[in-house]
Structures are given as C-alpha cells and as structure tokens.
Amino acid sequence: MKSATARFFDLPELIPLIGIYLERHNLSAFMKASHQMHTILLPLFHRVVPLHTFKTPETLQALARNAMVTSHLMTDQTACGRYSDVVTKALQSNDPSIKFKKGIPTYIPSEEALEALCQGGEFPAQLYQVLRLSPRLTQLDLMHISINNDLTLHLLARVISGIDTLESLLIATYSNARLFSQIPSYIFNSCPPSLKSLEFKLYNTIASRATRFGTTATQESNSIKTLQSSLSIPGPGRQIRSLSNLTQWRFMHDDVDDLSDIICSILESCPNLRSMDVPSLGGPQQIERLKRLVANCLPHLQSLSQHDLEHGTMNDGTAMFTVTNAMRPDTLELVYILQYSEIYPTIDRELQRHKRSLKWIELDDCMGIESETITSLLFQYPALEVLKVNTFDYTRGVEVDIEQLVEKKWVATRLRELQLIVNTEPGEVDEEEEFESDRRKYLEKFCRQLGAIESLEVLDLWVPSDEDGAYDDYWDVLGPRFSLLGMLSLGDSGVSGERWGCLGLLAGLKSLQAVRGSFFIQYAPASYKITQEDAEFIVKHWPRLKVLELYRESERYVDLSPPVEYLLRELPGLCIFATERY
C-alpha cells in the first residue's frame with residue numbers, strides 16, 4: 001500500500017487548491033516540503049509580489065519566468081530598477097522561458113530609447129519594462145517614488161494608462177514644489193477605466209534630496225528628448241474625466257498649499273464612490289463646496305475615514321461631520337477618525353442621523369472623549385458590529401466609566417469587535433471593602449452584557465493609568481482593583497469570596513477568537529491566577545480562541561503553570577503573549 005505522501009502526489013491538482021488559502025510565509029514553507037511541491041507551487045508564489053524582497057539575480061530570474069501569473073505587484077524605485085535590469089538582459093538574450101508583451105507603445109521611439117531610459121534610472125521606463133511580463137496585473141503599489149521633472153510625470157502617467165486590467169492603484173510619491181499641485185490630476189487622468197480603488201500619498205520635498213536617480217542619460221539622447229512632445233496627457237488645465245468604476249478613494253498630502261480645488265474636481269468625477277478618505281481642505285468656502293459635492297455628486301457613499309491631518313494637529317471632526325451631515329440619513333456604514341479630540345458637539349450627536357446604518361466606528365489615537373459619548377454608541381446604535389476607541393497615551397481621557405457602561409441595556413448586540421479603555425474604579429467610594437464590592441458588582445453587570453453577544457469575536461479591554469500616569473508600572477503596583485482579572489476567573493462556589501470571578505457569565509461567547517488587554521497574570525495575586533477549572537471552561541466555551549494575552553512580550557520565557565499549558569495543548573496555535581504594540 002502506498003504511503004500517505006505518495007497518495008497525496010497522485011492528485012497534484014489538489015496542491016494549488018490548498019496553496020491559494022495559505023498566507024505568503026506559510027506558502028513558502030509548504031514549497032520547501034519537496035522539489036515536486038516547489039515546482040507545483042512556484043507560479044502561485046508569484047501571484048502577489050513584494051518586489052523589495054527579491055534581491056538576488058536568481059530570485060528575480062525565477063520571478064521573470066513566472067510573472068505571467070502576477071496579479072499584485074508592490075515595488076519601490078530601487079527594487080524596480082533591480083528587476084528591470086534582469087528583465088532587459090533576458091529580453092536581449094531572447095530567453096525563451098520568459099514571455100512578455102511584444103512591441104512598445106507609440107510614445108516611445110524605439111526599444112533602444114526604452115533601454116536608454118531604463119539605464120538612465122528613469123523609473124516609469126523601468127516600470128513599463130517590468131509590466132510587460134505581467135498582463136494579468138490588477139493591483140499595483142508604487143512606494144517612495146520621486147517625480148521631479150516633467151518627463152517622469154508624463155511618462156509615468158502614460159505607463160499607468162496602459163494597464164488595462166488595473167483595478168487598484170496605490171502611489172506614494174515625493175515631488176518638488178513646482179510639480180506638486182500638478183501630479184494628482186495628471187495621475188487621475190491616466191487611470192484606466194477599470195480602476196476601482198485609488199490611494200494617493202503625496203509628499204513635498206527638495207528635488208536634489210528626493211532621489212539618487214538622475215536623468216543624465218535621458219538628457220544626452222536626442223531621440224529621447226522628443227519624448228516630451230509625444231506624451232500628451234490631460235493635465236490640470238484640462239477637464240478631468242470621469243472614472244465610473246472607482247469606488248474607493250484616499251488622498252493624503254503634507255504640503256501647506258491648498259489643493260482643495262483639485263481634490264474637489266477629482267471627487268466630482270467619481271459618481272459611484274462608496275468609500276472616501278475625507279480630505280483636509282482650506283477654509284469654510286472649500287468645506288461648503290465639499291458639502292454640496294457630497295450631497296449632489298456622491299449618492300453611494302457608505303464608508304468614511306480621515307487620516308490626513310495637517311501638521312499633526314488634533315482633529316475636531318469638522319470636515320468629517322460636514323460630510324456625514326451632507327449624506328442621506330442612515331446611509332453611512334463605517335467611520336474611522338484618526339486623532340479625534342472631542343469638541344462640542346459630540347460625535348454621537350453628529351452621527352445620530354446614521355445610527356440605524358452604522359456598523360463600524362473607530363476612533364484611533366484619540367483624546368478628550370467623554371465617557372457618555374462612548375456609551376451612547378452602545379446604547380443607541382443597533383447595527384454596530386465594530387466599536388474601537390484607543391489611544392497611545394493612556395492618560396489622555398478616553399476611558400469609559402464602568403458605572404455608565406452598564407446603566408442601560410445595550411442595543412448593540414451584533415458586535416464582532418469591541419475595543420475600550422474601561423475605568424473599573426467606582427466613583428465616590430471611600431471604604432476599601434465597599435470599593436471592591438461595587439467594582440465586582442459593576443464588572444458582573446458588564447460581563448452579563450458581553451455574554452449575551454454571541455457574535456463577539458475580538459474583545460480588547462484596557463484599564464486606564466493611575467492618577468500619576470504611571471501606566472507602564474501598573475503591572476506590579478496597581479493590583480486587581482484596577483484590573484480586569486476577575487473576568488478570567490470562575491471564582492469560588494463557597495461563601496468565603498476569597499476567589500472572585502465572573503468568567504461563567506461569558507459562556508455565550510462561542511465565536512470569541514481573541515482576548516486582549518489588561519488580563520496579564522504574571523504579577524497577579526494567587527487568587528486571580530488561572531486554575532485548571534478556568535482553563536477547562538475556556539476550552540469548552542471558547543473553542544475558536546486564537547489569542548489570549550496572558551503575558552507581555554517581555555515575559556515570553558516565564559515558567560507556565562499547568563492550567564496555561566493545558567490551554568496550549570487543547571487550543572492548538574493559541575497565542576498567549578501580547579504584541580509589542582503594548
């Protein structure tokens with residue numbers, strides 16, 4: 001009888017079907033199982049190509065031979081130049097193993113001119129040379145690209161316009177002041193009609209500092225000098241054309257110049273936009289224009305985010321709420337705001353018109369948000385599936401008072417992810433015994449609310465710092481009264497109350513996959529350590545659990561207790577260490 005390995009290879013067509021479900025690092029490990037496995041999976045490995053990871057001539061040559069299957073290419077100038085050299089040599093030697101798009105576009109005089117551009121370090125030419133091998137490309141990420149002369153801008157626009165299959169384009173570029181305001185409309189007008197997603201990151205810089213790639217070879221060639229006149233692309237002075245398939249738009253820039261007119265003109269040409277990053281605009285007139293634009297030109301908007309902040313200032317939400325108020329009621333489904341700082345009116349009031357439709361609310365690295373603002377989102381938004389409120393500074397006033405968190409029944413019973421900073425200290429309590437009694441009472445009410453949410457997959461809860469802001473040291477000194485440790489304990493069945501816990505109230509979380517936050521047990525009192533009974537409860541009621549952060553990353557080599565070892569045995573792949581983000 002054949003071995004299991006031999007029987008597996010009797011059906012080699014099954015191997016790629018397995019491979020398509022693997023992440024890149026797992027696929028790489030799978031390929032190393034045997035020479036036959038490597039041969040079968042190599043084309044699949046080159047579907048998504050982070051080009052900066054291909055550094056040797058051998059790996060670049062292997063990529064060139066399989067580039068026909070590449071659908072997603074991520075590159076910067078250095079990596080593209082390296083790959084272009086390999087491709088050019090292969091084409092010059094007529095390597096039969098490398099298939100490429102024959103012929104060159106009419107705006108390039110000859111193959112010799114193309115090679116001269118590539119040798120001169122002209123990135124768009126190098127990019128075109130590379131893309132000739134990948135006719136199935138649907139996603140292109142161009143990182144750290146320098147555009148400091150007209151030729152580079154015009155040639156890049158023409159190269160992008162020729163990618164007929166392109167559906168997603170991310171471009172992060174540096175430019176000098178002269179070209180800065182021209183780039184958005186040039187690139188937008190070059191996008192093929194198939195494009196569905198466009199992300200722009202535009203940074204102003206000094207031309208001589210932006211790149212080490214020169215254009216000396218380009219300037220010395222008379223035939224290449226004629227390129228400029230043949231690169232006819234609609235620029236800022238021409239009407240911006242419509243991209244009817246574009247559904248996602250994001251634009252970030254760091255320049256002090258006002259690009260409001262250009263941004264609004266582009267957005268007016270995206271009638272089917274569903275997801276938009278709210279741009280930073282100049283003054284009240286530009287904001288009013290954006291409001292009219294959203295109301296009249298963007299009827300399909302569903303998702304809004306705001307990443308682009310001018311000069312690192314905090315965000316009062318003015319631009320975001322201008323857009324939300326211009327949208328039809330109950331059409332907004334997702335809102336993400338970076339560095340939000342609450343100023344009257346509060347965010348819950350501004351989002352009220354969409355409370356029946358909002359599924360995702362994320363306030364990232366925020367400060368100064370009232371506890372009532374956050375709890376109102378749980379009390380009034382029935383469609384909510386994700387609520388994330390976080391900060392990198394735990395003294396900035398974004399915690400939710402646990403008393404307010406449980407004073408009403410939540411209507412947000414469809415939650416899949418919940419991230420909060422919870423203040424478990426009851427207010428106006430002086431006696432230690434009364435303090436602990438109230439803390440437990442409120443935690444139990446909180447766990448009853450959580451335990452009823454069967455859809456919950458990620459629970460990420462933190463406690464705030466002490467009054468002195470010594471959050472980094474709380475592990476050793478604050479103790480259980482400022483923690484959530486009782487949430488991972490079943491407690492005592494007797495009346496002594498020496499070991500308290502409310503883990504039993506969370507039995508309904510059958511979909512739970514990750515528990516993160518203030519649950520570290522290394523320095524917890526013995527009464528809050530996880531027992532064998534606790535571990536068996538977790539295995540039984542949280543069968544899908546993949547992350548349970550019981551230790552910090554720095555505690556990776558501590559001795560594990562038998563109950564924790566039991567968790568690792570019964571829940572294969574379980575991660576018990578917090579990531580460095582903490």
Side-chain angles (χ1 to χ4, degrees), residues 16 19 22-32 35-104 108 111-146 152 155-156 159-160 162-163 165-166 168-172 211-214 217-218:
L22 298 179
E23 296 182 5
R24 187 174 180 81
H25 66 281
N26 291 327
L27 181 61
S28 177
F30 196 18
M31 291 169 62
K32 295 175 182 177
H35 178 74
Q36 186 177 0
M37 196 82 77
H38 183 274
T39 302
I40 294 172
L41 291 173
L42 189 60
L44 195 62
F45 185 71
H46 291 119
R47 285 184 313 159
V48 178
V49 176
L51 196 53
H52 64 279
T53 64
F54 291 75
K55 297 184 178 181
T56 66
E58 293 75 22
T59 57
L60 289 169
Q61 288 165 4
L63 172 59
R65 288 191 293 269
N66 293 279
M68 290 288 289
V69 303
T70 299
S71 60
H72 183 186
L73 178 67
M74 296 165 275
T75 185
D76 55 31
Q77 287 192 213
T78 303
C80 189
R82 233 179 2 239
Y83 187 27
S84 174
D85 290 342
V86 171
V87 172
T88 299
K89 291 176 182 178
L91 298 183
Q92 290 173 341
S93 63
N94 295 316
D95 187 340
S97 66
I98 296 180
K99 297 178 174 54
F100 66 99
K101 182 179 180 181
K102 299 186 183 299
I104 57 175
I108 297 180
E111 288 278 2
E112 291 75 19
L114 177 61
E115 291 179 12
L117 285 165
C118 292
Q119 292 171 3
E122 195 61 61
F123 169 73
Q126 296 171 335
L127 179 64
Y128 174 76
Q129 190 78 303
V130 165
L131 296 181
R132 297 173 79 180
L133 277 61
S134 302
R136 302 177 187 175
L137 195 73
T138 60
Q139 189 169 349
L140 179 62
D141 299 348
L142 304 178
M143 307 302 296
H144 310 300
I145 307 305
S146 296
T152 300
L155 187 55
L156 179 60
V159 171
I160 291 173
I163 313 175
T165 56
L166 194 63
S168 175
L169 174 63
L170 183 155
I171 177 168
T211 176
R212 66 174 183 272
F213 296 95
T218 305

Look up atom [atom1] in [X] and atom [atom2] in [Y], then write down how far apart they are to the nearest 0.5 Å.
X	Y	atom1	atom2	value
Met74	Thr70	CE	OG1	10.0 Å
Asn94	Gln92	CG	CD	9.5 Å
Thr75	Phe123	OG1	CZ	6.0 Å
Cys118	Tyr128	SG	OH	10.5 Å

Closest non-hydrogen atom pair between Phe54 and Val49, with its separation:
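Residues Phe54 and Val49, closest heavy atoms: CE1-CG1, 3.8 Å.
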Using a 4.5 Å cut-off on heavy atoms from C-beta on, say whether the side chain of [Y] contacts that of [X].
X	Y	value
Leu63	Val86	no
Glu122	Pro124	yes
Ile145	Thr152	no

I'd like to check the side chain to side chain contact (heavy atoms under 4.5 Å, CB included) partners of Ser93; sequence neighbours left out, ordered by chain and number.
Asp95
Going through the checks in order, is the side chain to side chain contact (heavy atoms under 4.5 Å, CB included) test met by Ile171 and Leu156?
CA-CA 11 Å; Ile171 177 168; Leu156 179 60; 3.9 Å; yes
Hey, can you pull the donor-acceptor pairs under 3.5 Å for the side chains in residues 131-144, sequence neighbours left out?
from: Arg132; atom 1: NE; to: Lys101; atom 2: O; distance (Å): 3.3
from: Arg132; atom 1: NH1; to: Glu111; atom 2: OE1; distance (Å): 3.4
from: Arg132; atom 1: NH1; to: Gln129; atom 2: OE1; distance (Å): 2.9
from: Arg132; atom 1: NH2; to: Lys101; atom 2: O; distance (Å): 3.4
from: Arg132; atom 1: NH2; to: Gly103; atom 2: O; distance (Å): 3.3
from: Arg132; atom 1: NH2; to: Glu111; atom 2: OE2; distance (Å): 3.0
from: Ser134; atom 1: OG; to: Ala67; atom 2: O; distance (Å): 3.0
from: Thr138; atom 1: OG1; to: Ser71; atom 2: O; distance (Å): 3.2
from: Gln139; atom 1: NE2; to: His72; atom 2: NE2; distance (Å): 3.4
from: Asp141; atom 1: OD2; to: His72; atom 2: NE2; distance (Å): 3.0

Assess, by modelled atom type and distance only, whether the side chains of Gln126 and Gln77 contain a donor and an acceptor separated by less than 3.5 Å.
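No - no donor-acceptor pair under 3.5 Å links their side chains.
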Look only at the side chain of Thr88 and the backbone of Asp85, and say whether a donor-acceptor pair between them is shorter than 3.5 Å.
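Between the backbone of Asp85 and the side chain of Thr88 there is no qualifying donor-acceptor contact (under 3.5 Å).
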Working for side chain to side chain contact (heavy atoms under 4.5 Å, CB included), residues Val130 and Leu73:
CA-CA 10 Å; Val130 165; Leu73 178 67; 4.1 Å; yes
Which residues share a side-chain hydrogen bond (donor to acceptor under 3.5 Å, both in side chains) with Gln61, sequence neighbours left out
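For Gln61, no residue satisfies side-chain hydrogen bond (donor to acceptor under 3.5 Å, both in side chains) once neighbours in sequence are set aside.
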Pairing residues for Thr165 by the side-chain hydrogen bond (donor to acceptor under 3.5 Å, both in side chains) criterion, not counting sequence neighbours
none
